[in-house]
Undergrad: 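Structure provided below as structure tokens; questions to follow.
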Amino acid sequence: MTSTNDIRRGFLDYFARAGHQPEPSAPLVPQNDPTLMFVNAGMVPFKNVFTGLEKRPYSTATSSQKCVRAGGKHNDLDNVGYTARHHTFFEMLGNFSFGDYFKEQAITHAWTLLTKDWGLPPEKLTATVYHTDDEAFGLWRKIAGLPEERIIRIPTKDNFWAMGDSGPCGPCSEIFFDHGDHIAGGPPGSPDEDGDRFVEIWNLVFMQYEQEANEIVGNLPKPSIDTGMGLERIAAVMQGVHDNYDTDTFRALIEASESLTSTHAEGERKASHRVIADHLRSAGFLVADGVLPANEGRGYVLRRIMRRAMRHAHLLGAAEPLMHRLVPALVAEMGAAYPELVRAQPLIEATLRQEETQFRKTLDRGLKLLDEATATMTPGATLAGETAFRLYDTFGFPFDLTEDALRAQGLGVDREGFDAAMAEQKRAARAAWKGSGAKASDELWFDIAEELGGTEFTGYANDTSEAQV
Ligand code: ATP
Ligand code: MG
Ligand code: MG
Ligand code: MG
């Protein structure tokens, strides 16, 4: 079996042999992009190279980029534990051409690596192209010999990429692996495409147009290539398993949580073990890159991820803080590829331990309140927003944790009621402040606090940067 670590190495070596500059992963906190919460695609660190703002001494590059999609435009948090293919933290393998090669070479590279070097059966691969992209359609026929019915024309934005309202843009071509008809789901573009049978493994973006205010205004002088392949998804394919959580890395993490909780990842416990393994990775890597739990901003996204995992640890019967004891398994699996994890190990452990110790003080009582509130509710019903707000305000339950807790029972949570309760609390605090006879300038403080979103952070609503791949 090829290990995930070997697959990462194999990808980077293939493209290095083909003349690409291997670049280390950038940190998860974007270095010069305030519109973006976390790096969520391999191209993010190269944005300015694609637009021409920045020059590099090479015209092609390759990387394995750490990505987090747990808020903002790409939020996969709610999928985690419940689909075979989504993580909050994952690695995106990519090859990039900055005005060097274009479509033909990009498709040739992808096809050669997948079917020749890695030996995947060509009949299990399907490609999509943007519906008007006859050139890509023809290249898949010519280079890969794919039959026409396995080159699917997609008319939606899923197959058209843009950096933002202005800048480079162009059609994409995605490569899917068919895990077999024993798994539910249809081919891309079909009504049941969201199933796990046909899994998107690799997205090739052909940057060929220039956009201004959402209008294509011309061709780029030097068309470019940006690709992204999910390491965990290709590892599942190459290790002959359908589910990312059955790959070597995830098995090792799940075995650690099984052993520390003396439980098995089966039945209703399966999702808990998966959530714990996934969130251990995102929490560990975020702390290693300098994010600490907080009540706002990036730190609140981290806190939400940590607390979600901690509720699942509690569900598995952990009587003491658990997450920090799993860090050695994470470092054993991923520390060689990411030395920052080794360096930060003591900080990651201390942060998880402190957060879990603190949250456990209120978790039990909060869950009791939740049990009481839902005792008479039936599937399809919605928990009152005020209750969710009380859980948030008094017991430290992030909104999405309450949602996740009720999901198994088929219950929802009233978001509008929650927001209204939050607004009401702010109003009451302001009125009390006013009533105290304090000066007008204090009011200003409330305005500022409100504007900065003092208490809750639900992702940058104005996260405009389109950084898929
Ligand atoms: P999907 O449609 O499956 O959600 P996507 O189209 O959002 O994927 P892209 O933005 O095209 O994904 O990212 C490039 C590649 O990164 C994908 O082809 C996939 O292999 C991988 N990927 C994307 N999101 C995730 C995730 N949440 N967890 C693991 N891998 C992912
Ligand atoms: Mg997605
Ligand atoms: Mg997709
Ligand atoms: Mg995609």
Side-chain angles (χ1 to χ4, degrees), residues 2 7-8 10-20 42-43 60 62 85 92-97 100-156 158-161 170-181 183 185-190 193 196-208 223-240 242 468-469:
T2 319
I7 296 168
R8 182 194 305 105
F11 181 95
L12 297 172
D13 284 349
Y14 172 92
F15 283 103
R17 280 198 307 276
H20 295 62
M43 64 77 63
T60 58
T62 183
R85 64 182 202 278
M92 200 184 284
L93 304 167
N95 57 291
F96 309 95
S97 153
D100 192 292
Y101 60 82
F102 198 44
K103 278 182 206 180
E104 174 149 19
Q105 193 60 20
I107 292 175
T108 302
H109 275 315
W111 191 252
T112 307
L113 177 59
L114 292 176
T115 62
K116 306 284 176 336
D117 289 48
W118 284 346
L120 300 190
E123 65 277 9
K124 299 216 164 182
L125 298 168
T126 293
T128 62
V129 297
Y130 191 54
H131 63 141
T132 54
D133 194 355
D134 296 333
E135 186 188 1
F137 190 98
L139 287 167
W140 278 115
R141 294 278 303 133
K142 179 178 122 185
I143 295 163
L146 281 185
E148 294 197 351
E149 63 276 13
R150 294 222 314 279
I151 311 170
I152 301 173
R153 292 179 186 264
I154 303 278
T156 65
D158 271 1
N159 278 56
F160 196 89
W161 179 90
C172 326
S173 180
E174 299 189 324
I175 304 170
F176 287 75
F177 184 83
D178 179 1
H179 280 276
D181 57 13
I183 291 154
S190 72
E193 65 174 357
D196 276 331
R197 174 174 168 185
F198 290 84
V199 172
E200 175 189 332
I201 52 175
W202 202 345
N203 193 352
L204 316 179
V205 179
F206 310 129
M207 295 185 198
Q208 66 186 101
S224 292
I225 291 292
D226 154 32
T227 86
M229 171 156 63
L231 174 61
E232 300 76 4
R233 293 188 189 184
I234 189 66
V237 168
M238 288 176 70
Q239 294 177 9
H242 160 248
Q468 149 184 297
V469 179

Undergrad: Would the distance check show the side chain of H242 and the main-chain N or O of G180 forming a donor-acceptor pair, the cut-off being under 3.5 Å?
TA: no
Undergrad: Which atom names give the shortest non-hydrogen contact between G42 and M92, and what distance separates them?
TA: N-SD, 3.4 Å
Undergrad: CD/Q105 to OG1/T60 distance, rounded to the nearest 0.5 angstrom?
TA: 10.0 Å
Undergrad: Output yes when a side-chain donor or acceptor of E232 lies under 3.5 Å from a complementary backbone atom of R85, and no otherwise.
TA: no
Undergrad: Looking at D178 and R150, is any side-chain nitrogen of the basic one under 4.0 Å from a carboxylate oxygen of the acidic one?
TA: no
Undergrad: If you compare all heavy atoms of K103 against all heavy atoms of P171, which two are closest, and at what distance to 0.1 Å?
TA: NZ-CG, 4.4 Å
Undergrad: Answer yes or no: is there a donor N or O on one side and an acceptor on the other, between the side chain of R153 and the main chain of T128, under 3.5 Å?
TA: no
Undergrad: Taking atom OG of S97 and atom CG of D226, what is their separation to the nearest 0.5 Å?
TA: 10.5 Å
Undergrad: Taking all non-hydrogen atoms of both residues into account, name the closest pair between M207 and F102 and its distance.
TA: O-CE1, 3.6 Å
Undergrad: Side chains of F176 and E193: closer than 4.5 Å at any heavy-atom pair?
TA: no
Undergrad: Does any part of the side chain of E148, heavy atoms only, come nearer than 4.5 Å to the side chain of F137, both counted from C-beta?
TA: yes
Undergrad: Measure from the side-chain N and O atoms of N95 to the backbone N and O of T62, and report whether any donor-acceptor pair falls under 3.5 Å.
TA: no
Undergrad: Counting C-beta onward and ignoring hydrogens, is there a side-chain heavy-atom pair between V129 and F206 closer than 4.5 Å?
TA: no
Undergrad: Centroid-to-centroid, F11 to W202, below 6.0 Å?
TA: yes
Undergrad: What about the rings of F160 and Y130, do their centers lie closer together than 6.0 Å?
TA: yes
Undergrad: Would you say L139 and W111 make side-chain contact, with heavy atoms under 4.5 Å?
TA: no
Undergrad: Show the numbers, then the answer: is there a side-chain contact (heavy atoms from CB on, under 4.5 Å) between H179 and D196?
TA: CA-CA 8 Å; H179 280 276; D196 276 331; over 6 Å; no
Undergrad: Of all the heavy-atom pairs spanning T126 and P188, show the shortest one and how long it is.
TA: CG2-CG, 4.3 Å
Undergrad: For G94, is there any backbone N or O sitting under 3.5 Å from a side-chain donor or acceptor partner on T227?
TA: no
Undergrad: Minimum heavy-atom separation for A106 to Y101, with atom names?
TA: N-CD1, 3.9 Å
Undergrad: Minimum heavy-atom separation for V199 and R233, please, with both atom names.
TA: CG1-CD, 3.7 Å
